Amino acid sequence: KKLLFILLFLPLLFATCKKEEDNILGCTNLVATNYNPNATENDASCTYSIIGKWNVVSMVYDVTEGFYTSGSYPNGDYTATNITSGVANYELLFSKLTHEFSDNGLMTQIFIDLTSPEDSDTTYLSFSIIEDSIFVSSGQKGIISVTENTLLMDLFHITLDYYPNFESFQFNHTSERE
């Protein structure tokens, strides 16, 4: 009887240990929107939330200025008069850029110039997310990818206020969860 009792509960003991191991390797319930306690390290079904504070650690950008020669955005022909590209790492430039996303659709962008605090700026925007796309009230739109601790945003914006002249911005942010 004792041997039968031990054999009956032995599989339950191993199953319990396996679940704990999967919990450690899988999604964490703190930031995952579809937390799955049985997820494994390679399980792609874990979806993380953008909600929270994100510190921008690097940014690649392209700014294109020009004018439309025929047609208009997005299918018109244009001539570029100036293209500026670069890489900005805010930690190296003695400043800090933070994006905070709340669950009510408010995005707060905080820029802190550590060398001239009077040049610091806070901007409040609204945002919406549809699948892997983000739309910001400033007119920016783009693609996002969120993991437990990393946010990648590839944003685009075009200004047509002085049509046929235009200015377009392409920003690729890499952020870490605060």
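Computed from a predicted structure; not experimentally measured.
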* Side-chain heavy atoms of Thr159 within contact of Ser168, under 4.5 Å -> no
* Please lay out, stage by stage, how Asn149 and Tyr48 fare under the test side chain to side chain contact (heavy atoms under 4.5 Å, CB included). => CA-CA 9 Å; Asn149 295 310; Tyr48 291 98; over 6 Å; no
* To do: Report yes if the side chains of Ser175 and Asn55 come closer than 4.5 Å at any heavy-atom pair, otherwise no.
  => no
* **Check against side chain to side chain contact (heavy atoms under 4.5 Å, CB included), Trp54 and Val146** => CA-CA 11 Å; Trp54 299 89; Val146 183; 4.1 Å; yes
* Structure fact -> When rounded to the nearest 0.5 Å, the distance separating CD of Glu148 from CZ of Arg177 is 7.5 Å
* Nearest-0.5 Å distance that lies between atom CG in Leu97 and atom OG in Ser58 -> 11.0 Å
* Begin with the C-alpha distance, continue with both residues' side-chain angles, and end with the deciding distance and a verdict on side chain to side chain donor-acceptor pair (under 3.5 Å) for Asp77 and Ser70. => CA-CA 5 Å; Asp77 294 325; Ser70 66; 3.2 Å; yes
* **Distance (rounded to the nearest 0.5 Å) between Gln109 CD and Phe101 CZ** => 9.0 Å
Just distance, no hydrogens or angles: give the donor-acceptor pairs under 3.5 Å from side chains in residues 80-87, sequence neighbours left out.
from	atom 1	to	atom 2	distance (Å)
Thr81	OG1	Glu65	O	3.2
Asn82	ND2	Glu65	OE1	2.8
Ser85	OG	Asp62	OD1	2.3

* To do: Give the other cluster members for Tyr78, using side-chain heavy-atom distances under 4.5 Å between Ile, Leu, Val, Met, Phe, Trp and Tyr residues; answer none if it is isolated.
  => Tyr68, Tyr73, Phe156, Ile158, Leu160, Tyr163, Phe166
* Asked: Aromatic rings His173 and Phe171: how do their planes relate, parallel, tilted or perpendicular, breaks at 30° and 60°?
  -> tilted
* How many angstroms lie between atom CG of Leu151 and atom CD1 of Ile50, to the nearest 0.5 angstrom? -> 5.0 Å
* May I ask whether Ile51 and Leu106 are part of the same hydrophobic cluster, defined by side-chain heavy atoms of I, L, V, M, F, W, Y residues being less than 4.5 angstrom apart, directly or through others? => no
* **Spacing of CG belonging to Asn172 relative to CE belonging to Met153, to within rounding of 0.5 Å** => 9.5 Å
* Determine, stepwise, if the pair Gln170 / Asp154 fulfils side chain to side chain contact (heavy atoms under 4.5 Å, CB included). => CA-CA 7 Å; Gln170 184 83 34; Asp154 189 8; 2.6 Å; yes
* What's the spacing between Ile134 CD1 and Ser128 OG if we round to 0.5 Å? -> 8.0 Å
* Hydrophobic cluster (4.5 angstrom, side-chain heavy atoms) - remaining members for Phe135 -> Ile130
* Asked: Transitively linked via ILVMFWY side-chain contacts under 4.5 Å: Ile129 with Leu125?
  -> yes
